[in-house]
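This report refers to the structure that appears directly beneath it.
In this chain, numbering begins with 1 at the start of the sequence shown.
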Amino acid sequence: MCAETACLALRLEGPLQSWGTASQYNRRLTDLLPSRSAISGMLCAALGLDRGSAEEASFLQEMMPVSMLAIAVPRQLGNRLLPVRRLEDYHTVLDTAKADGGLKDCQLTYRQYLLNAAFRVFLSGERELLEKAGNALLDPVWGLWLGRKACIPTAPVFAGIYPDQRTAITSCLPEGLKGCLCSRDVSSFPDGTDSVADMPVCFSSSGRAFALRRIWKGYAGEGNAS
């Protein structure tokens with residue numbers, strides 16, 4: 001007998017957001033849509049799962065079959081559409097290790113953030129698992145961030161549990177999706193437009209690991225975006 005399924009809806013709103021999937025070393029970029037790794041990390045924080053723990057590994061494994069749809073929601077000020085912009089800031093880190101064993105006086109790192117962005121994320125999968133995650137979002141063990149600790153949500157992240165994705169979208173976005181930038185998981189390679197290495201396997205600081213995720217990315221109303 002198949003497990004009962006459901007759709008968990010997330011509301012991601014805040015003045016700063018950052019969703020990296022390919023950042024390395026001293027330059028940390030942001031994508032235009034939330035990453036699977038950041039969403040999974042947020043759920044792990046809400047559940048209070050330690051980095052690299054057996055509990056984290058078990059939860060991330062359970063999340064593998066869950067499909068994700070991320071939608072960029074246009075924001076308006078009066079009758080004016082607010083454009084999403086990227087902001088780049090820099091951080092200074094003292095006493096970083098060098099290859100020869102010495103220490104650098106100062107290391108600069110550059111980090112990007114999104115401004116004027118708002119998103120809805122829909123996770124579809126086993127009801128029991130998603131209800132567990134949804135309940136944790138209502139009363140999180142640790143803080144919830146929109147990609148980085150500087151990015152604080154300005155609205156409740158939990159947006160409801162629904163019987164299916166279509167019902168969730170209708171309830172959370174009654175104005176519809178037409179023209180919205182979105183990305184969704186696809187089950188076959190030809191149906192996708194990109195492969196992203198943001199499916200977390202382990203968040204341990206010494207053993208971070210991510211698997212590839214095949215997605216379709218585009219504007220709702222085109223191809224298989226609807």
Side-chain angles (χ1 to χ4, degrees), residues 8-47 49 51 56 60 63 66 68-75 77 81-94 96 106-123 133 136-137 140-159 172 180-185 194-205 208-213 215 217-219:
L8 168 61
L10 308 181
R11 179 192 300 107
L12 306 177
E13 297 179 3
L16 291 175
Q17 302 189 38
S18 189
W19 310 106
T21 58
S23 299
Q24 294 187 54
Y25 308 114
N26 66 336
R27 187 164 295 277
R28 310 296 177 85
L29 309 178
T30 180
D31 290 349
L32 293 175
L33 289 163
S35 65
R36 179 69 176 249
S37 56
I39 297 302
S40 298
M42 181 184 294
L43 298 181
C44 286
L47 290 161
L49 305 180
R51 285 179 180 268
E56 178 199 77
L60 293 178
M63 285 292 294
V66 173
M68 178 172 131
L69 167 65
I71 298 167
V73 181
R75 297 187 61 213
L77 181 62
L81 189 67
L82 293 177
V84 176
R85 301 184 186 276
R86 279 190 174 100
L87 167 71
E88 187 169 283
D89 193 11
Y90 71 91
H91 294 232
T92 57
V93 184
L94 299 179
T96 57
C106 182
Q107 174 69 47
L108 291 180
T109 65
Y110 298 88
R111 307 184 184 193
Q112 290 186 349
Y113 301 87
L114 295 181
L115 306 178
N116 297 331
F119 305 98
R120 298 294 183 271
V121 168
F122 302 95
L123 302 173
L137 291 173
V141 176
W142 297 324
L144 305 180
W145 324 111
L146 304 179
R148 293 201 186 106
K149 286 187 177 180
C151 305
I152 301 173
T154 55
V157 172
F158 177 77
C172 296
C180 293
L181 179 65
C182 63
S183 70
R184 68 163 68 241
D185 293 341
D194 199 5
S195 296
V196 188
D198 73 339
M199 178 74 81
V201 177
C202 178
F203 283 123
S204 171
S205 299
R208 288 164 62 87
F210 301 90
L212 282 174
R213 179 171 65 107
I215 64 168
K217 185 176 181 180
Y219 289 90

What are the two closest non-hydrogen atoms of [X] and [Y], and how far apart are they?
{"X": "F203", "Y": "C44", "value": "CE1-SG, 4.3 Å"}
{"X": "C151", "Y": "Y113", "value": "SG-CD2, 3.7 Å"}
{"X": "F210", "Y": "P200", "value": "CD2-CA, 3.5 Å"}
{"X": "A70", "Y": "V121", "value": "CB-CG2, 4.1 Å"}
{"X": "A117", "Y": "Q17", "value": "O-NE2, 3.0 Å"}

Counting C-beta onward and ignoring hydrogens, is there a side-chain heavy-atom pair between [X] and [Y] closer than 4.5 Å?
{"X": "S40", "Y": "L60", "answer": "yes"}
{"X": "L43", "Y": "M63", "answer": "yes"}
{"X": "R213", "Y": "D185", "answer": "yes"}
{"X": "L114", "Y": "L146", "answer": "no"}
{"X": "R51", "Y": "R208", "answer": "yes"}
{"X": "I39", "Y": "F119", "answer": "no"}
{"X": "L12", "Y": "V157", "answer": "yes"}

Spacing of [X] atom [atom1] and [Y] atom [atom2] [to the nearest 0.5 Å]:
{"X": "M68", "Y": "L10", "atom1": "CE", "atom2": "CG", "result": "8.5 Å"}
{"X": "L123", "Y": "R36", "atom1": "CG", "atom2": "CZ", "result": "6.5 Å"}
{"X": "T154", "Y": "L16", "atom1": "OG1", "atom2": "CG", "result": "10.5 Å"}
{"X": "S18", "Y": "R86", "atom1": "OG", "atom2": "CZ", "result": "9.5 Å"}
{"X": "D31", "Y": "D198", "atom1": "CG", "atom2": "CG", "result": "8.0 Å"}

*Under the 3.5 angstrom rule, does the side chain of R120 hit a backbone N or O of I71 as a donor-acceptor pair?*
no
*When you measure from the side chain of S37 to the backbone N and O of M199, does any donor-acceptor pair fall under 3.5 Å?*
no
*Please identify each residue that fulfils side-chain contact (heavy atoms from CB on, under 4.5 Å) with A46, with sequence neighbours left out.*
A136, L137, P140, L144
*Listed by chain and number, what are the salt bridge (Lys or Arg N to Asp or Glu O under 4.0 Å) partners of E56, not counting sequence neighbours?*
none
*asked:* Using side-chain contact (heavy atoms from CB on, under 4.5 Å), reason through L8 and F158 one step at a time and then give a plain yes or no.
replied: CA-CA 8 Å; L8 168 61; F158 177 77; 3.7 Å; yes
